[in-house]
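Accompanying notes for the structure given below.
Below, read A as the first sequence line, B as the second, and so on, with proteins coming before strands; counting in each chain starts at 1. Quantities reported herein were computed from a predicted structural model and do not represent experimental measurements. The basis for the numbers below is simple: all heavy atoms, side chains too, and nothing from hydrogens, waters or symmetry mates.
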Amino acid sequence: MTSGSARSDFVKSVRTGFSVASSPSMGFRLEDGRRASTSSTTTSLFRIASPISRRARFMCPGNQLIFSMIRPARRAIFLLASAHDSEPRPTGGTLLIGGVTMSSSESIRSMLRRESAGGEAVVRGWLRTVRHGKGVSFLDVSDGSCMDGLQVVASPETAGYEEVVKQLSTGCSVVARGELVDSPAKGQRFELKARDVELVGDAGEDYPLQKKRHSFEFLRTIAHLRPRTNTIGAVLRVRNAASMAIHEFFQREEFFYLHTPIITASDAEGAGEMFRVTTLPVGDPPRNKEGQVDDAQDFFSRPAYLTVSGQLEGEIGALAMSRVYTFGPTFRAENSNTARHLAEFWMVEPEAAFYDLDDLAALSERFLKSVFKDVLDRCEDDMAFFEKRIEKQAIERMKTVIERPFERIPYHEAIAILEKARDRGESFEFPVGFGLDLQSEHERYLTEKHTGCPIVVTDWPKDIKAFYMYRNDDEETVAAMDVLVGGVGEIIGGSQREHRADVLEATIRAQGLEPDDYWWYLDLRRFGSVPHAGFGLGFERIIQFITGMANIRDVIPFPRTPGSAEF
RNA sequence: UCCCCGGUAGCUCAGCUGGUAGAGCAGGCGGCUGUUAACCGCCUUGUCGCAGGUUCGAGUCCUGCCCGGGGAGCCA
């Protein structure tokens with residue numbers, strides 16, 4: 001076993017994305033005892049997919065040093081270096097350790113978080129802008145890992161300066177190697193003093209993205225390139241962070257991630273128009289004696305659709321696993337053309353057994369606070385960008401949700417508050433009264449002017465809510481809740497579910513639905529039924545709230561809307 | 001689906017009550033510069049969304065269609 005401080009320091013400096021090449025062949029052993037070897041004829045590259053952690057170990061069979069790390073449930077990840085050279089040395093753009101050449105694919109995010117300048121760095125990415133001067137060129141390179149790019153400074157001493165650097169333009173992909181140094185100018189902490197710059201992929205003068213502001217409408221027409229912009233890049237990083245925050249929240253609360261179906265045979269979910277899924281020939285489908293399309297010959301022997309909600313299946317999960325959540329794509333074939341609707345979007349739907357409406361309201365409060373806090377913590381730069389360029393209130397209104405306790409108000413009280421406000425002269429465009437749904441203006445009045453904190457409106461009139469919601473004793477309301485927040489209004493909708501078979505069946509009939517279509521849903525109420533509750537939220541709506549992006553098409557990488565499914 | 005608004009250079013837009021097209025940016029050339037949406041000078045670029053119509057003449061007026069945006073409904 002080789003140890004020594006030089007080597008330890010080296011290991012510490014290895015970050016996410018490092019890769020290592022060995023040449024010629026080397027045999028080695030992984031930490032778990034398996035044998036592996038590099039090719040004897042070609043240089044082998046091993047990419048490190050996560051930072052070397054405390055789990056990293058050294059082993060030294062023969063004169064080869066192996067840093068290995070096993071990630072749980074993933075393939076082994078390892079670094080090689082030979083043992084006879086204790087100090088990594090920079091040579092011509094690569095780190096050489098013994099007979100092993102090493103090149104970094106450290107992300108810019110990671111580079112900018114180094115404690116101090118100095119040391120080799122390799123940046124791989126796409127040029128945002130290029131500024132040529134006499135005897136010096138500045139390349140703004142972005143690799144998407146964070147808001148900031150890395151400024152690469154090239155000069156006549158840089159290999160490839162005349163042939164490569166001078167020809168670079170916005171959009172080119174490059175690899176630049178050199179030393180990470182403190183920047184003498186304002187605008188960035190570090191910069192890369194380039195020893196050599198390599199053009200990987202050229203971008204012509206017709207590259208659509210320019211170093212100026214583009215309209216979001218235009219960017220939607222080039223959705224294959226828009227992730228390279230500041231705004232969409234930040235959106236995608238926030239989406240990623242929010243996704244992880246959601247999973248982490250539910251895992252912490254002991255909810256199981258349940259995979260509900262994308263294709264459903266039930267057309268009776270009642271949450272909107274559905275997309276038909278069929279393998280029948282569109283132009284000439286088989287027909288029955290009556291001349292109707294013969295669904296019995298279709299793939300599923302019956303009509304099938306894309307799901308509009310995982311809730312009903314979520315209830316199946318909750319009534320076995322106690323607590324589950326879904327987080328997956330959802331489809332609505334509504335012809336709605338607004339900044340808040342997509343034909344394909346992602347929905348989060350927790351469902352919990354032995355939960356009543358109070359439990360659910362408390363869960364939604366913990367949920368929003370946790371997700372927003374995580375995103376604020378992990379996407380500081382991105383959020384600063386949104387606050388500065390997109391929506392001044394972006395951070396502030398998230399903090400309001402995080403810091404203020406949610407207030408619970410029954411629907412009838414909310415109506416009374418609104419009526420009183422109206423009588424005092426508050427002007428509402430839409431009418432207020434018991435039995436009427438709350439419009440966006442009403443929701444915003446309650447949360448912004450009345451309390452200034454998030455509000456959970458509970459116990460809604462049964463006639464404006466869905467059949468599966470728990471009928472309250474007053475026979476007039478159901479145990480439904482809407483969570484309202486400043487800026488956008490409703491952000492979460494949920495309910496305690498009707499778990500009494502007779503009440504549920506009566507409601508299904510009363511709403512003109514066919515109980516046979518819900519046979520398994522009703523069965524759940526016949527076999528070990530328990531009170532349970534759940535809510536749903538549109539993931540993109542949450543991202544809109546977080547980022548302040550006005551149009552939902554700009555918070556999803558590939559928006560699907562009526563008449564639009566390019567990319 | 002309904003109601004409004006829009007579609008002019010690669011991008012962002014201007015073009016008054018009809019007289020046959022302009023700016024900034026991008027691109028090219030030159031200059032200057034440790035620059036950072038760099039700057040300065042010169043230069044290039046258009047089936048004015050598509051199809052009809054009115055008119056001596058249409059980017060401009062009328063009709064239809066297509067596309068985009070905003071609002072409404074529906075909802076997440």
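With B:rU12, B:rA72, B:rA26 as the choices, the nucleotide that has an atom nearest any side-chain atom of A:S215 turns out to be B:rU12. When distances run from any side-chain atom of A:P184 to the nucleotides B:rC32, B:rG34, B:rA72, the shortest one goes to B:rG34. Of all nucleotides listed (B:rU35, B:rU33, B:rG73), B:rG73 comes nearest to the side chain of A:T338. Considering only the side chain of A:A339, B:rG71 comes nearest among B:rG71, B:rC75, B:rG34. In this structure, of B:rC74, B:rC75, B:rG10, it is B:rC74 that holds the atom nearest to the side chain of A:S336. Among the nucleotides B:rG69, B:rA38, B:rU1, the one closest to any side-chain atom of A:N335 is B:rU1. Checking B:rG69, B:rA72, B:rC11 against every side-chain atom of A:N551, the shortest atom distance belongs to B:rG69. Among the nucleotides B:rU35, B:rC75, B:rG69, the one closest to the side chain of A:Q188 is B:rU35.
For B:rC11 and B:rU35, the P atoms lie 32 Å apart once the distance is rounded to whole Å. Comparing B:rC62 with B:rG71, their P atoms sit 26 Å apart, to the nearest whole Å. Comparing the C1' positions of B:rA14 and B:rA23 gives a spacing of 7 Å, expressed to the nearest Å. Straight-line distance between the P atoms of B:rC66 and B:rA51: roughly 15 Å, to the nearest whole Å. Comparing the P positions of B:rU54 and B:rU63 gives an interatomic distance of 15 Å, to the nearest angstrom. Nucleotides B:rA9 and B:rG28 place their C1' atoms 16 Å apart, quoted to the nearest Å. B:rA21 and B:rG46 are spaced 9 Å apart, taking the C1' atom of each and rounding to whole Å. Only the C1' atoms considered, B:rA58 is 16 Å distant from B:rC16, to the nearest whole Å.
In a base pair of the Watson-Crick type (N1 to N3 plus N6-O4 or O6-N4) or a G-U wobble (N1-O2 and O6-N3), with each distance short of 3.5 Å, B:rC65 is matched with B:rG49.
Checking side-chain atoms of A:S370 against main-chain N and O of A:R366 turns up no donor-acceptor pair under 3.5 Å.
The neighbour count for A:E396 CD, taken as heavy atoms of other residues, nucleotides or ligands under 6.0 Å away, does not exceed 12.
Remark: A:R397 qualifies as a cation-pi partner of A:F545 under the 6.0 Å distance and 45° angle criteria applied to the six-membered ring.
Toward the 5' end of RNA chain B, the nearer of the two residues A:E490 and A:P562, judged by each one's closest nucleotide, is A:P562. With RNA chain B read from its 5' end, the first of the two nearest nucleotides for A:A185 and A:N337 is the one closest to A:N337.
In this structure, the ring of A:F275 has its center no less than 6.0 angstrom from the ring center of A:Y305.
Counting non-hydrogen atoms under 4.0 angstrom, A:P208 reaches nothing in the nucleic acid. Within 4.0 Å of A:F345, counting heavy atoms only, lies at least one base atom of the nucleic acid. A:F430 comes within contact range of the sugar-phosphate backbone alone, with a heavy-atom separation under 4.0 Å but no base atom that close. Note on A:L342: a base of the nucleic acid sits closer than 4.0 angstrom, heavy atoms only.
Here A:F539 contributes atom CZ and A:F345 contributes atom CZ; the two are 13.0 Å apart, rounded to the nearest 0.5 Å. With rounding to the nearest 0.5 Å, the separation of NZ in A:K399 from CZ in A:F372 is 14.0 Å.
B:rG68 atom P lies 14 Å from atom CG of A:D554, rounded to whole Å. In this structure, the CZ atom of A:F138 is 15 Å from the P atom of B:rC39, given to the nearest Å.
Taking only distance into account, the side chain of A:E334 never meets the base of B:rU1 through a donor-acceptor pair shorter than 3.5 Å. Between the side chain of A:H341 and the base of B:rC75 there is at least one donor-acceptor pair of N/O atoms closer than 3.5 Å. Evaluation of atom-type donor-acceptor distances gives a pair under 3.5 Å for the side chain of A:E191 against the base of B:rG34.
Across A:D482, A:D459, A:D437, a single residue satisfies salt bridge (charged side-chain N to carboxylate O under 4.0 Å, His left out) together with A:K465, and that is A:D482.
Regarding contacts with the backbone of B:rG69, a side-chain N or O of A:R553 is found under 4.0 angstrom from either OP1 or OP2.
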